[in-house]
Amino acid sequence: MSKLSRRVEQDELRARMRAVGMSHDEIAVEFARRYQLRPRAAHRVAHGWTQAQAANHINAHAARVGLDPEGDAPMTAPRLSELENWPLPNNRRRPTPQLLALLAEVYDTSIHNLIDLDDREQMPSADLLLITTIRLKRAPASAVGSLARTRSADAEVTPIVEAPNRQQFLLAASVLGVAAVLPRQSGVPARSVSVRPTVFTSADDLLADLREAVTVPAEWFSDPDLGSSGDLADLEARARECHGRYQRADYAGVARLLPVVVRGVEMLVTDPPAGVNHCLVRRTQAVAYLAAAKLATKTGDHDLAWLAADRGQHAALAADAPALLATARRQIACVFHDTGRLADAERVAVSALDALNRKPGNGDHPDVLSARGALLLLAAMTSIRQGERADARRRLAAATEQADALGRDDNRLWSAFGPTNVAIHTLTAALALDDPREAVAIGAQIDTRLLPAPLVGRRARLHVDLADGHARLGEDAIAAVHILDVARRAPQLLGVDPTARAVLATLLGRARGSTVSVLRSVAEQAGVAT
């Protein structure tokens, strides 16, 4: 389709949508979906402007509000094109918070509607924080300069951006202290979300083969091809690949690979060949069962998750791998946590911490720091759900100390532990305390670029929480952008994550205009009843 033909089509479509009462924001959502437009371009096209026409409107508004009264720095069509397409490769012209605020005024929309996940992953944390401040304070573009100077002055007292590790502790204290006494947000009723994910059944049961592999004794395996998969080095590599696929949110891929790994390692344990390293066999067994427990927990089969995690802890104990043992015990605590048995979850997590701390030597090994930090984060979330804010605050502070000692965002033993993960848990804590405004503010300060590259699912889960927070605030357009980004980057997560499914159902129930069809297609993909 030529540019002229596309413009004619867009003009006709825009006229029909305006005739039925759709807003420019709703038209922008539909244009972004239909024509694969970035948000800034979609809002421009929703007004029917070419880049040259939009540049004229921007220049006129900048002069009117006093940002460029002399016309010394006019917007041009080529410059606007770069700003719309950033952060594409080789495009270095990043839209500043003040410019985004100016565009939001010209396009008559919220500043958050002009950025998407690609923008958020590339923008500096300071810019994201300022953008959220602009939205919360409803600050005009002409006041953004003073806001930025205020944030900079505050940073000299409490270094929010330059000291990310210490920042996480301050955020935790803020969430668990201030949020506890803030009034409930009015206007949007609190939403009850089930903690149990949907269990795949019948033809959609991803875990059928894994369930059989875990529950059938190794002596009964009759597959003649298993011998070719019984090499220990190969099994170890496949077990690690299972964790990699899980963290990339490829749950179907894990479900296909894990049964072969479990059967192969069980045969090695039952009938080990001469000269095999028994500790390594047991460690590989623990790694495989840990992946199985995570997958079963994620997809809602908590019985299988409990069994697999228990197998994993016994294998780690036999391998004399303390950090791996603590990680397996954390997975048992996760099962209790997700099924509402909070006292049991806390008991298992605390006993695993005690056992890890009693183990002599290697207390500052990255694996031990990560295992201990991950247990502390789970224990903190358990305390929050039990209403024990003081314990939660203490445990988040202790997790921050572990992240400080680790000194970076890491993924030891597939824990994703580090300063950024501590910050993500403070956001989750704010949601658990029913303070979505605080959660959104914390999310604006989290730079997911610091997370290791394989953690696609962890990044996507953060955006599920942000969608939840914005939906609770009644900011459905922003929540929908987060959900659509999750659907694009980690589509399988929408099928198994209870919060994502609940938020999607809520958004669909409140949607109007063209957003209905967009969200419905996502809901159908995720298997959410509409």
Side-chain angles (χ1 to χ4, degrees), residues 17-18 21-33 37-47 49 54 57-58 61-62 65 67 80 83-84 86 94-121 123 126-145 147-148 151 185-188 436-446 463 465-486 503 506-507 510-516 518-519:
M17 289 191 285
R18 292 295 289 170
M22 290 178 63
S23 68
H24 284 111
D25 280 344
E26 290 175 324
I27 295 173
V29 170
E30 176 61 20
F31 277 9
R33 181 191 70 84
L37 297 175
R38 300 293 304 287
R40 294 176 289 282
H43 279 270
R44 171 179 57 77
V45 176
H47 283 269
W49 298 337
H57 284 285
I58 295 167
H61 186 73
V65 299
L67 284 177
L80 183 60
L83 295 171
E84 287 180 348
W86 187 87
R94 183 179 77 244
T96 65
Q98 185 171 55
L99 181 55
L100 287 170
L102 182 66
L103 292 178
E105 292 174 5
V106 172
Y107 296 149
D108 191 24
T109 188
S110 166
I111 189 171
H112 272 191
N113 290 345
L114 298 180
I115 59 176
D116 59 11
L117 182 59
D118 289 327
D119 295 315
R120 288 179 174 275
E121 289 184 338
M123 281 182 171
D127 280 8
L128 291 173
L129 178 59
L130 184 54
I131 288 169
T132 296
T133 303
I134 292 168
R135 182 183 61 82
L136 294 177
K137 292 182 177 293
R138 303 180 185 276
S142 57
V144 172
L147 273 179
R151 297 299 314 180
Q185 298 297 325
S186 61
V188 181
R437 195 171 299 282
E438 180 73 8
V440 168
I442 293 170
Q445 301 181 63
I446 296 175
H463 287 280
D465 280 344
L466 287 171
D468 187 16
H470 284 293
R472 293 195 204 185
L473 293 171
E475 298 169 343
D476 287 10
I478 303 174
V481 169
H482 285 292
I483 287 294
L484 291 174
D485 276 325
V486 173
V503 172
T506 297
L507 294 176
R510 300 196 301 224
R512 297 292 183 271
S514 61
T515 56
V516 174
V518 177
L519 290 173

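One-based numbering along the sequence shown. Computed from a predicted structure; not experimentally measured. Just so you know, these numbers use all the heavy atoms, side chains as well, and skip hydrogens, waters and symmetry mates.
The shortest side-chain heavy-atom distance between L484 and R33 does not fall under the 4.5 Å cut-off. Within the 4.5 Å cutoff, side-chain heavy atoms of I478 are placed close to those of E475. When side chains are defined from C-beta on, H470 does not count as touching D476, because their heavy atoms never get closer than 4.5 Å. Looking only at side-chain heavy atoms (C-beta outward), R38 and D118 come within less than 4.5 Å of each other. Side-chain contact between E26 and F31 is absent, with no heavy atoms from C-beta onward closer than 4.5 Å. Looking at heavy atoms from C-beta onward, L114 lies out of side-chain contact with E84 at the 4.5 angstrom threshold.
The nearest pair of heavy atoms linking W86 to D119 is O-OD1, 3.3 Å. Heavy-atom minimum distance, G469 versus P436: O-CB, 3.5 Å. The shortest non-hydrogen separation linking R510 to G474 is NH2-CA, 4.4 Å.
Applying the side-chain hydrogen bond (donor to acceptor under 3.5 Å, both in side chains) criterion to D108, with sequence neighbours excluded, gives no partner residue. Not counting sequence neighbours, H24 has no partner by the side-chain hydrogen bond (donor to acceptor under 3.5 Å, both in side chains) test.
A salt bridge between R120 and D116 is absent, with no side-chain N of the basic residue lying under 4.0 Å from a carboxylate O of the acidic one.
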